[in-house]
2 protein chains.
Amino acid sequence: MPLTETIKRPSLHEELVDRLRNLVVEDALKPGEKVPEKALCESFGVSRTPLREALKVLASEGFVVLQANRGARVATVTRQELENTFPVIARLEQLAGELACDHIDAAGMAWIEARHDAMAKAFDARDRQSYFQANQDIHQALIHAANNDILKAHHKLLAARVRRARFMANLSDDRWAQAIEEHGRMMEALRRRDGESLGQVMKQHMMNKFAAHIKAIEDEADEGPDK
Amino acid sequence: MPLTETIKRPSLHEELVDRLRNLVVEDALKPGEKVPEKALCESFGVSRTPLREALKVLASEGFVVLQANRGARVATVTRQELENTFPVIARLEQLAGELACDHIDAAGMAWIEARHDAMAKAFDARDRQSYFQANQDIHQALIHAANNDILKAHHKLLAARVRRARFMANLSDDRWAQAIEEHGRMMEALRRRDGESLGQVMKQHMMNKFAAHIKAIEDEADEGPDK
DNA sequence: TGACTGAATTATGAATTCATAATTACACCC
DNA sequence: GGGTGTAATTATGAATTCATAATTCAGTCA
């Protein structure tokens, strides 16, 4: 084992990949829009080379699509894509649940318990913002506890694809209560270190979330597009 | 639906990503080696810009690692990484098996049956080359039949990480026979369109393959490194 | 008036150039 | 002779430049 950690200096393009991905995930760059190369260069204060390198990476991650000689556009997440993505995420979460039970340590357990409490409080207060944060923390902590970097990396990419800011709004009270209940079952299984159960619940939890998203999208479509 | 397909002209860097990834997967560029930027530029007849763009993409895919101001090195696949990767692949294959049973069509079924026969013949003749080709065709066909592009893309990346040419040699007769037997069970399940079973078998098949790889690596290590 | 043609403008992909960090080579000191 | 410090060389990251493809817009003709 090495005596010293190798120093990490985030290179320019790496930083840009993260920043740009955030712009997409946070919905600052809307799906279908063309990525304004020039404007972003100025706004970030870099030249086109590193920015374009970053775009190539984002394209391979699926956040933008490159059109030959016509630049990059923010990828649109189609219904088909959602339907393809969720089952994959669900399986990864299932695996994460199983592994987490094998590998989680006391500190990780304490953190999850704390965030679980915070989530419950946020639910009681109907505080969506806090709820989503705590919820995300828990899922991330479980993924982290699985102690599998490959799993983590792929999960992160897929989760980012699906997590668009606007989904935050689409949470019915029914689904919210159901989600809380599922999280309760997750905690039970985790406390028992019952990986099999935790995996099952997490998988199902994700698929239910999926169904809720689809329903929200369809309701929205029924109301008619607003512009 | 569009009358004409959009013309696909693989942009320079896209082509390079594929070519370079192949060099890594085919073991032409050995793990740990630094990627010779200049030499590759000359060999491909391109300038550094597109090549470096390609390296950034390969880095995000995990095939090379970038070191700030010290260029790129071919990623070494550590034992830890193998141990992390296989369970993830196994889950993806499990999902693929389930979905394939739902979605496979007659043509896909026929192709797999044909390749399965070819694989059996290759086994009888102890023709490793043909066996591996048929085996890979079957797995790819099942992934394809699952009809899920997200699943397919992530599986492709992970499979490439693990598939290093030299693994071809490390197939004991015992494991080979076991693999054939597992493939037989896969075909049975597929013919019955029993997704649950096919998924289970495929998952187990992958984990057994994993165990065989690990064993081969350990045997190799016991014999001592040869240089 | 509307559609088509073609020149002008713009944006993109790739090559080249430039500044700087890292590596190597070498002299000097202990 | 081994080790340290410094200069020369090399390689890398990023900016700039250049050629070309795409788009826009004006002018022409039906």
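The structure displayed is predicted, hence computed values, not measured ones. Here is how names work: the chains are called A, B, and so on, in the same order as the sequence lines, proteins then strands, and each is numbered from 1. Below, each value reflects all heavy atoms present in this structure, side chains not excepted, and no hydrogens, waters or symmetry copies.
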Output the rounded distance in Å from NZ (A:Lys56) to C1' (C:dG13).
7 Å
Hey, is the main chain of A:Gln140 close enough, under 3.5 Å, to the side chain of A:His144 for a donor-acceptor pair?
no
Which whole-number value in Å describes the distance from B:Leu16 CG to C:dA15 C1'?
14 Å
Tell me the interatomic distance from B:Phe44, atom CZ, to C:dA15, atom C1', rounded to whole angstroms.
18 Å
Tell me the interatomic distance from A:Glu37, atom CD, to D:dA21, atom C1', rounded to whole angstroms.
14 Å
Please enumerate all residues that pass side-chain hydrogen bond (donor to acceptor under 3.5 Å, both in side chains) together with B:Lys215, with sequence neighbours excluded.
B:Asp219
Provide, to the nearest angstrom, the distance between the CG atom belonging to A:Leu40 and the C1' atom belonging to C:dT12.
15 Å
If you measure from the Lys or Arg side-chain nitrogens to the Asp or Glu carboxylate oxygens, is any gap between B:Arg79 and B:Glu83 under 4.0 Å?
yes
If you look only at pairs with a residue in residues 85-111 of chain B, which of them pass as a salt bridge (Lys or Arg N to Asp or Glu O under 4.0 Å), with sequence neighbours excluded?
A:Arg91-B:Glu98, A:Glu98-B:Arg91
For residues 132-159 of chain A, which residue pairs qualify under salt bridge (Lys or Arg N to Asp or Glu O under 4.0 Å), counting only residues two or more places apart or in two chains?
A:Arg115-A:Asp137
Whole angstroms only, please: what is the CG-C1' distance between A:Asn69 and C:dG13?
7 Å
With the side chain defined as heavy atoms from C-beta on, A:Ser47 is closest, among D:dT16, D:dA22, C:dA11, to D:dT16
Could you give the CZ-to-C1' distance, from B:Arg73 to D:dA11, as a whole number of Å?
13 Å
Starting at NZ of B:Lys209, measure out to CG of B:Asn135 and round the result to the nearest 0.5 Å.
6.0 Å
Apply ring pair (Phe, Tyr, Trp, His ring centres under 6.0 Å) to A:His116 and list each qualifying residue two or more places apart in sequence or on a separate chain.
none
Member of A:Glu53, A:Glu14, A:Glu61 meeting the salt bridge (charged side-chain N to carboxylate O under 4.0 Å, His left out) criterion with B:Lys56
A:Glu53
Residue-level proximity of residues 48-55 of chain B to DNA chain D when a heavy atom falls under 4.0 Å:
B:Arg48, B:Arg52
Are the side chains of A:Val24 and A:Leu20 in touch, meaning some heavy atoms are under 4.5 Å apart?
no
Could you tell me how far apart B:Arg70 (CZ) and C:dT24 (P) are, to the nearest whole angstrom?
11 Å
Distances for protein N or O near nucleotides 5-8 of chain C N or O, under 3.5 Å:
none

